[in-house]
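First the structure, in the form of structure tokens, and then the observations on it.
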Amino acid sequence: MTQLSEPIAETSAGNTGSFSPIVHLRNGGVSLVIDLSAGRLPVILYWGEDLGEIGESELKNIALVSVPSVVPNDLDVPELVEILPLASGGWRGLPGLEGHSTSGTDWTPLFTATSIAADATTLTVRATDDEAGLTIVLDVELLSTGLLRQRAAVERTGSGEFTLDGLQLTLPVPRRASELLDLAGRWGRERSPQRMPFSVGAHQRDSRRGRTSTDASTILAAGTPGFGFGTGEVWTMHVAWSGNHREYAERLSNGTSLLGGGELLLSGEVRLQTGDRYESPWVYGSWGRGLDDAAARFHGYLRGRQTHPSSPRKVVLNTWEAVYFDHNLERLTELAASAAEVGAERFVLDDGWFLHRRDDSAGLGDWYVDEDVWPGGLDPLISAVTELGLEFGLWVEPEMINPDSDLARAHPEWILSPASRLPVPSRNQQVLDLAHPGAYTYILDRLSDLLNAYDIGYLKWDHNRDLLEAAHSTTGAAGVHEHTLALYRLLDELRDRHPGVEIESCSSGGGRVDLGILERTDRVWGSDVIDPLERQTIQRWTSQLIPPELVGSHVGSPKAHTTSRTQSLSFRAGTALFGHFGIEWDITKASAEDRAELAEWVALYKEVRSLVHTGRVVRADGLDESALLHGVVSPEQDEALFAYVQLATPLTAIPGTIPLPGLDDDAVYDVTVQSPGDNARRRSHTAAPWTAEGSLRLTGRTLRTIGVQVPALHPEQLLLLRVRKVA
Ligand code: DGJ
């Protein structure tokens, strides 16, 4: 129940003086206490563990104990840290709202709440500054998994133009959150963790690449010292936006600490005329006991959406690393037949099928099947694929345009660029201005026509360059904001027109992984690096936000194309098993033995996907850097699959006992080594003696506290453990 210090109702302008509630939102094991007593924008007093039912006087006292002291040579009143922190409340950190009218005024608003509406889990506040001519509408929601989200809209109520330079929403964290962790990355190595002290100042992550980007922080976490996957308290934040964005952690010299984030606006990108409105993306926050707990709230939320894929996630064969641009009906039909033989369920024709696209230098924009390469169109291939029982999927990169394309020759004005020159090239391509009605309609029609003409169940939607100097060429004004909105519109419209079609979000690999794109797509491509050694880390940290069923993970060829490492099939497949499994390898050239083993892995994936795609992701703390353990435990805690992964040679010869987290302490389980591959073949003298027994019976408590001995593995090997509750 929402608890307020006063009965709550919609208030209207003028009577806020008598209305000074303190709101307590509770949901999913989390509490949020919000102070509205100043009659201004909301101030979050507390975000963390559920406080239980609290009486009115307790709420008032929480407000009282939260008021910071006034110290010499500082403000004469306590600083008011509103969700959009502003100088008018005494805030001296990064501003929650930046902007100005044409005369340079209205830049320091002071908002007064004019209406407040709340229920058990949501709060909406409307606040106005009549002098500045601005109104803010702020939504706060505490979702059933305990995930918190907030967003704001700015309305220009005054006369004249108001240029909005930035809007950042913040979430407070307590002083004991003294460490930060976020994710860094680049193409081929997305989402690598970096840890640092949460010291005075701002740790700021800006993405000015016009897309979520491979170097996005994805999540920014603050936690108690040494927080881990299962230990410590952690507060994490994510901005659900696929254009430019900012995330930051800021600690002021007075100790006030917060996480902030929002869209990053380019100069002049949002200019509001009277009556115009800017809406921010949702900014999500997840509190948890350990990173696993924080991740589970995101996963639960995503899994609870009506649009969340509910059918078993099909085994994919993607043609990219199998054939690249070498498209040929005979060869691809043979590949599809091999795919069907090993048990694949979907065949995705990647880049190279459309006009002028013989390599990556030309053709983007010319979304017509190249009849020179595909005489008779795609029908012969699609028929072959569907007759084999596979669904057909197609690669597209709709937002991009090669200067060497019919489209660019016909419509150079559709390229996002300053009027007189093109931005620095990247992969020989430029970006289409989707906010241009002509470009938008052309792309929507081309994609729709393809989906109408062919039996296509899946689109891989790629996006392979950063947006630089992304201006509407006709006006010269910055256009990333509008481009991003147009992309969302386009995806929404396509999904409305073709409801059964699944869409994958890919961007130079894992460069578009965010909850904004996932509102309208069905999976993300984790990385162009399929090398399982790299993938172990990428998937581990991608799962801080996204559950396994939404992260594409493929078995590549024995020698990884992007790193040149050679790895066993067990390591490759045992890694792909913990995502949305696929194959990206010319298996027509694989040995019969490899194909037979691959078929076994596909069969195992089909057997465990209902567990992996619904269970709780757990990651063990305390292993040395040479190894890691992760797993998925079913919601009922009656089943689990763990992988112990040897990344490098360990300093000590024997790994020792490795605890298995996440099980029911009081239940009894059978633990077995899961075949196939290396797990079945491992020579007994390197195996842990218990594995000779076949299976081991232990309680969840013993498995959590002591665990099991794992065999000494070579680097780049993994051990799969299957755990089943004894009836
Ligand atoms: C980048 C993607 O990440 C790859 O998987 C592949 O689709 C290529 N683009 C195709 O150009």
Side-chain angles (χ1 to χ4, degrees), residues 185-191 209 211-216 242 316-327 332 335 346-367 370 373 392-402 404-405 425-432 447 456 458-467 502-514 517 521-532 534-535 538-539 542 546 550-557 560-563 572 576 579-586:
R186 59 169 170 83
W187 176 81
R189 195 175 164 164
E190 295 88 339
R191 289 171 284 286
R209 294 165 182 259
R211 55 173 161 171
T212 326
S213 95
T214 50
D215 72 348
S242 315
V316 183
L317 181 302
N318 181 288
T319 62
W320 181 240
E321 287 201 0
V323 302
Y324 292 103
F325 289 103
D326 187 9
H327 285 202
L332 285 164
L335 185 60
R346 174 181 284 155
F347 183 87
V348 178
L349 182 65
D350 211 283
D351 198 356
W353 56 269
F354 48 97
L355 273 184
H356 310 127
R357 191 66 169 173
R358 302 287 56 82
D359 55 35
D360 68 8
S361 67
L364 289 173
D366 299 342
W367 300 110
D370 189 336
V373 182
F392 183 78
L394 191 65
W395 178 96
V396 288
E397 195 178 358
E399 298 148 83
M400 295 293 156
I401 180 164
N402 282 121
D404 185 0
S405 65
S426 178
R427 210 191 188 211
N428 311 304
Q429 64 199 57
Q430 295 292 343
V431 187
L432 257 192
L447 295 176
I456 296 172
Y458 185 84
L459 284 181
K460 176 177 173 187
W461 189 291
D462 211 339
H463 176 288
N464 286 310
R465 69 155 291 166
D466 291 338
L467 277 63
E502 275 193 31
I503 303 180
E504 169 177 19
S505 165
C506 171
S507 182
S508 313
R512 213 181 234 172
V513 176
D514 67 82
I517 203 73
T521 55
D522 305 284
R523 81 166 203 174
V524 296
W525 179 223
S527 174
D528 273 350
V529 167
I530 310 178
D531 173 337
E534 304 293 334
R535 273 296 183 124
I538 292 169
Q539 289 173 200
T542 302
I546 316 279
L550 297 182
V551 183
S553 184
H554 295 174
V555 180
S557 42
H561 290 197
T562 43
T563 62
R572 280 140 57 213
H580 179 188
F581 189 95
I583 303 159
E584 198 166 327
W585 167 22
D586 185 359

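Indexing begins at 1, ligand by ligand and atom by atom, following the structure's order. The figures here come from the full heavy-atom set of this structure, side chains too, leaving out hydrogens, waters and symmetry mates.
- Using a 4.0 Å cut-off to heavy atoms of Trp525, the atoms of ligand 1 that qualify are 3 (O), 5 (O).
- Of the possible polar contacts, one joining the Glu190 side chain to the Gly510 backbone as a donor-acceptor pair under 3.5 Å is found.
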Test ring-ring contact (aromatic ring centres under 6.0 Å, His included) on Tyr458 and Trp395; report intermediate values, then the result. CA-CA 9 Å; Tyr458 185 84; Trp395 178 96; over 10 Å; no
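- Numbered from 1 in the order shown, with element, the atoms of ligand 1 that lie under 4.0 Å from a heavy atom of Asn464 read 1 (C), 9 (N).
- Judged by distance alone, with hydrogens and angles left aside, the side-chain atoms of Asp522 form a donor-acceptor pair with the main-chain N or O of Ile503 at under 3.5 Å.
- The distance from ligand 1 to the heavy atoms of Gly509 drops below 4.0 Å at these ligand atoms: 3 (O).
- Polar contact check, Ser508 against ligand 1: no nitrogen or oxygen pair lies under 3.5 Å apart.
- Close approach of ligand 1 to Cys506 is summarised as follows: ligand atoms under 4.0 Å from at least one heavy atom of the residue are 2 (C), 3 (O).
- A cation-pi arrangement is present between Arg535 and Trp525, with the terminal nitrogen or guanidinium carbon under 6.0 Å from the aromatic centre and inside a 45° cone about the axis.
- In this structure, atom 9 (N) of ligand 1 lies nearest to the protein heavy atom Asp462 OD2, 2.7 Å.
- A donor-acceptor pair under 3.5 Å is formed between the side chain of Arg357 and the backbone N or O of Ala362.
- Between Arg512 and Glu399, at least one side-chain N (NZ, or NE/NH1/NH2) sits under 4.0 Å from a carboxylate O, which counts as a salt bridge.
- Residue Arg427 places a heavy atom under 4.0 Å from ligand 1.
- The closest donor-acceptor contact from the side chain of Thr319 to the backbone of Leu349 lies at 3.5 Å or more, if one exists at all.
- Between Glu397 and ligand 1 there is no heavy-atom distance shorter than 4.0 Å.
- Each of Arg186, Arg209, Arg189 was scored for a salt bridge (charged side-chain N to carboxylate O under 4.0 Å, His left out) with Asp215, with one residue passing: Arg209.
- With ligand atoms numbered from 1 in the order given, ligand 1 contributes 10 (C), 11 (O) to contacts under 4.0 Å with heavy atoms of Asp351.
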Mind running side-chain hydrogen bond (donor to acceptor under 3.5 Å, both in side chains) on Asn464 and Asp462 for me, showing each step along the way? CA-CA 6 Å; Asn464 286 310; Asp462 211 339; 3.1 Å; yes
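- With ligand atoms numbered from 1 in the order given, ligand 1 contributes 4 (C), 5 (O), 6 (C), 7 (O) to contacts under 4.0 Å with heavy atoms of Lys460.
- Considering both main-chain and side-chain atoms, Trp395 comes within under 3.5 Å of ligand 1 through a nitrogen or oxygen pair.
- Here the heavy atom of the protein found nearest to atom 4 (C) of ligand 1 is Asp528 OD1, 3.4 Å.
- When hydrogens are left out, the protein atom nearest atom 6 (C) of ligand 1 is Asp350 OD1, 3.4 Å; that is the closest non-hydrogen contact.
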